[in-house]
2 protein chains.
Amino acid sequence: MYQLLCDHIEQHVHLTEAELSGFTTLFELKNVSKKQILLKAGEVCRFEGFVTKGMFRVYHIDKNAAEQILYFAIENWWITDIDSFTNERPSQLFIEAIEDSEVLLISKKNKEFAYANLPKIEKLFRVMTQKTHVALQRRMIDNLGKTADQRYAEFIERYPQLFRRLSNLQIAAYLGISHEFLSKIRNKIAHKK
Amino acid sequence: MYQLLCDHIEQHVHLTEAELSGFTTLFELKNVSKKQILLKAGEVCRFEGFVTKGMFRVYHIDKNAAEQILYFAIENWWITDIDSFTNERPSQLFIEAIEDSEVLLISKKNKEFAYANLPKIEKLFRVMTQKTHVALQRRMIDNLGKTADQRYAEFIERYPQLFRRLSNLQIAAYLGISHEFLSKIRNKIAHKK
DNA sequence: TGAAAAGGTTGAACAAGTTCAATAAATGAA
DNA sequence: TTCATTTATTGAACTTGTTCAACCTTTTCA
């Protein structure tokens, strides 16, 4: 049961059958249709989710109503507002399905139960947070030093499976540029080759 | 001994006297003078460091020889290239003292010893990585959606203790702008008030 | 099927940020 | 103290990216 989740865990830590089923039963499956919102800014994020189907975007909306996308999550990725979830603070973020999706949700209570009773789970999440952090550090450096053209080219190269499934509006919000300018970058690339 | 480090740990997890001294003896104190480099890109990062005096910058140098600063660390902050340290891969980063400094270093072997023998330490580092990650997420969103003026104003407000000790060159490399443009922003602010 | 909504492109005017060069001010080391 | 180095400022020309408006194409869904 929950095959994708089990495989994912197995890649990071080795659990016995009992530990694995003890942990996975702490999740509940939720179907989320396209455009449905799982978390709104202002609410406390009550879940951490493992995506088993579809795609989500985690994003911020500023005072000018512009959207900044923090990350996308497809199959085998996790979604949450880690700050809101762990500190039970109102979130600054939105989480929305951009395809018809399925996600396995775990509550804070159940996650704490896992930390208390399954020490290897603490390691799992430490390692995962670390990996996510490394990826964000690299993205930060790219954003500080590279032009939009370069960031777009690298996005396509690094995440071809996201690129194929995303609209240019979403990609522009991830790169931090207007969608019109992204369109001009694409035009330039198309005519250069 | 190592009072700053003990206080810092105590803020995150509660250790017995024995655990605390068992952990802190895994560190060694190093004096680092201004402009001395602790880690060069290309090397494997062999340490994780807790700053007890002075200040460091962790940065990247791109092909055009421009520097992007990932973060600064003063007293009570940690420094490492987490990717290079945990995966024993060549680093992409430099770590340099920008004041005469003191840092407590722990090796990978000793950190793994701590993880294996002091389960609370696993929690300490999970929580710390999580906090650092939340801060970087906020910075990422700011970088995607805000102008340099706004980012500068927020940097001063959020980190006044860093601001006072840093040159404008360092701040510009952190904000991702040229130091000339930062100078113009400062001029504009000065004349507006 | 057809109308509405969403996504994509283009151009023109503008704003934000860079580059280069010249100069001044502050700091540091002998 | 002094000379060299580093840091900060300013202006002019340039590049990168935004905004707004118009228009076209594709998708959605009743």
Side-chain angles (χ1 to χ4, degrees), chain A residues 33-37 54-55 57 59 62-69 72 96-101 142-156 162-193, chain B residues 33-37 54-55 57 59 62-69 72 96-100 142-156 162-192:
Chain A
S33 55
K34 186 170 172 170
K35 295 197 183 174
Q36 198 179 328
I37 289 187
M55 185 167 186
R57 57 199 269 257
Y59 60 106
D62 66 23
K63 311 131 208 161
N64 308 320
E67 297 179 0
Q68 293 88 36
I69 296 185
F72 301 105
E96 183 195 321
I98 49 183
E99 298 175 359
D100 290 334
S101 302
D142 285 354
N143 250 270
L144 292 176
K146 295 182 174 165
T147 62
D149 308 47
Q150 293 172 305
R151 271 144 50 210
Y152 178 62
E154 281 169 24
F155 178 80
I156 293 174
L162 293 183
F163 168 68
R164 275 182 252 110
R165 289 158 74 174
L166 285 169
S167 71
N168 291 333
L169 275 103
Q170 306 292 356
I171 296 175
Y174 179 90
L175 297 176
I177 58 177
S178 66
H179 69 277
E180 294 96 332
F181 189 54
L182 178 54
S183 184
K184 285 161 195 169
I185 290 173
R186 288 162 51 78
N187 181 304
K188 211 173 69 179
I189 293 170
H191 285 72
K192 194 171 284 179
K193 300 211 166 154
Chain B
S33 54
K34 187 172 171 169
K35 295 197 183 175
Q36 196 179 329
I37 289 187
M55 186 167 187
R57 58 199 267 257
Y59 61 104
D62 66 23
K63 311 130 206 160
N64 308 321
E67 297 180 1
Q68 293 88 36
I69 295 184
F72 301 105
E96 182 194 322
I98 50 184
E99 296 176 0
D100 290 335
D142 285 353
N143 250 270
L144 292 176
K146 294 182 175 165
T147 62
D149 307 47
Q150 294 172 304
R151 271 144 51 210
Y152 179 62
E154 282 169 23
F155 178 80
I156 293 173
L162 293 183
F163 169 67
R164 273 182 253 111
R165 289 159 75 174
L166 284 168
S167 69
N168 291 333
L169 275 104
Q170 307 292 356
I171 295 175
Y174 179 89
L175 296 176
I177 58 177
S178 67
H179 69 278
E180 294 96 332
F181 190 54
L182 178 53
S183 184
K184 285 159 196 171
I185 290 173
R186 287 163 52 78
N187 181 304
K188 212 173 66 181
I189 293 169
H191 285 70
K192 194 170 286 181

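Residue numbering restarts at 1 for every chain, and letters A, B, ... go by the order of the sequence lines.
As rounded to whole Å, 17 Å separates atom P of D/dG17 from atom CG of B/Asp149. Distance B/Asn168 CG to C/dA25 C1': 13 Å, rounded to the nearest Å. One interatomic measurement links the two molecules: CG of A/Leu182 to P of D/dT16, which rounds to 16 Å at whole-angstrom precision. One atom, CD1 of B/Ile177, and another, P of D/dT9, lie 12 Å apart when rounded to the nearest Å. One interatomic measurement links the two molecules: NZ of B/Lys188 to C1' of D/dG11, which rounds to 16 Å at whole-angstrom precision. Across the protein-nucleic acid pair, B/Asn187 atom CG and C/dA24 atom P stand 17 Å apart, rounded to whole Å. Residue B/Glu99 contributes atom CD, which lies 14 Å from atom P of C/dT27 at whole-angstrom precision. Summarising the geometry, the separation between NZ on B/Lys184 and P on D/dT9 is reported as 12 Å, rounded to the nearest angstrom.
The listed nucleotides are C/dT9, C/dT18, C/dT10; the one nearest the side chain of A/Arg186 is C/dT9. Each of C/dG17, D/dG17, C/dT9 was ranked by its minimum atom distance to the side chain of A/His179; first place goes to C/dT9. Of the candidate nucleotides C/dG7, C/dC20, D/dG17, C/dC20 has the atom lying nearest to any side-chain atom of B/Glu180.
Side-chain atoms of B/Asp62 come within 3.5 Å of backbone atoms of B/Asn64 as a donor-acceptor pair (strictly under, hydrogens ignored). In this structure, the side chain of B/Arg151 does not engage the main chain of B/Asn143 through any donor-acceptor pair within 3.5 Å.
As judged by a 4.0 angstrom heavy-atom cut-off over every strand, A/Thr147 is placed among residues touching the sugar-phosphate backbone only. Across all strands, A/Ser183 comes closer than 4.0 Å to base atoms (heavy-atom distances).
Using a 4.5 Å heavy-atom cutoff, the side chains of B/Met55 and B/Leu166 are in contact. Inter-residue side-chain proximity for A/Phe72 and A/Ile98 is flagged as met; some heavy-atom pair is nearer than 4.5 Å.
Evaluation of atom-type donor-acceptor distances gives no pair under 3.5 Å for the side chain of A/Lys146 against the base of D/dT16.
Mapping A/Leu169 and B/Arg151 onto DNA chain C by nearest heavy atom places A/Leu169 at the nucleotide closer to the 5' end. Projected onto DNA chain D by closest heavy-atom contact, B/Phe181 and B/Gln170 fall at different nucleotides, the more 5' of which corresponds to B/Gln170.
In the model, B/Arg57 has no side-chain atom that pairs as donor or acceptor with a side-chain atom of B/Tyr174 under 3.5 Å. Between the side chains of B/Thr147 and B/Gln150, at least one donor N or O lies within less than 3.5 Å of an accepting N or O.
In this structure, CG on B/Leu169 lies 5.0 Å from NE2 on B/His179, to the nearest 0.5 angstrom. For the atom pair A/Phe181 CZ and A/Asn187 CG, the distance stands at 11.5 Å (nearest 0.5 Å).
Partners of A/Asp100 by side-chain contact (heavy atoms from CB on, under 4.5 Å), not counting sequence neighbours, listed by chain and number: A/Ser33, A/Lys34.
When the local axes at the two ends of the helix from C/dT1-D/dA30 to C/dA30-D/dT1 are compared, using 5 base pairs at each end, they differ in direction by 60° after rounding to 10°.
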Fill in the blank from the handout: Heavy-atom contacts, protein to nucleotides 24-30 of chain D, under 4.0 Å, summarised as B (base), S (sugar-phosphate only) or - (none) per nt, yield ----S--
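Applying the side chain to side chain contact (heavy atoms under 4.5 Å, CB included) test between B/Asp149 and each of B/Ile185, B/Leu182, B/Ile189 identifies B/Ile185 as the sole match.
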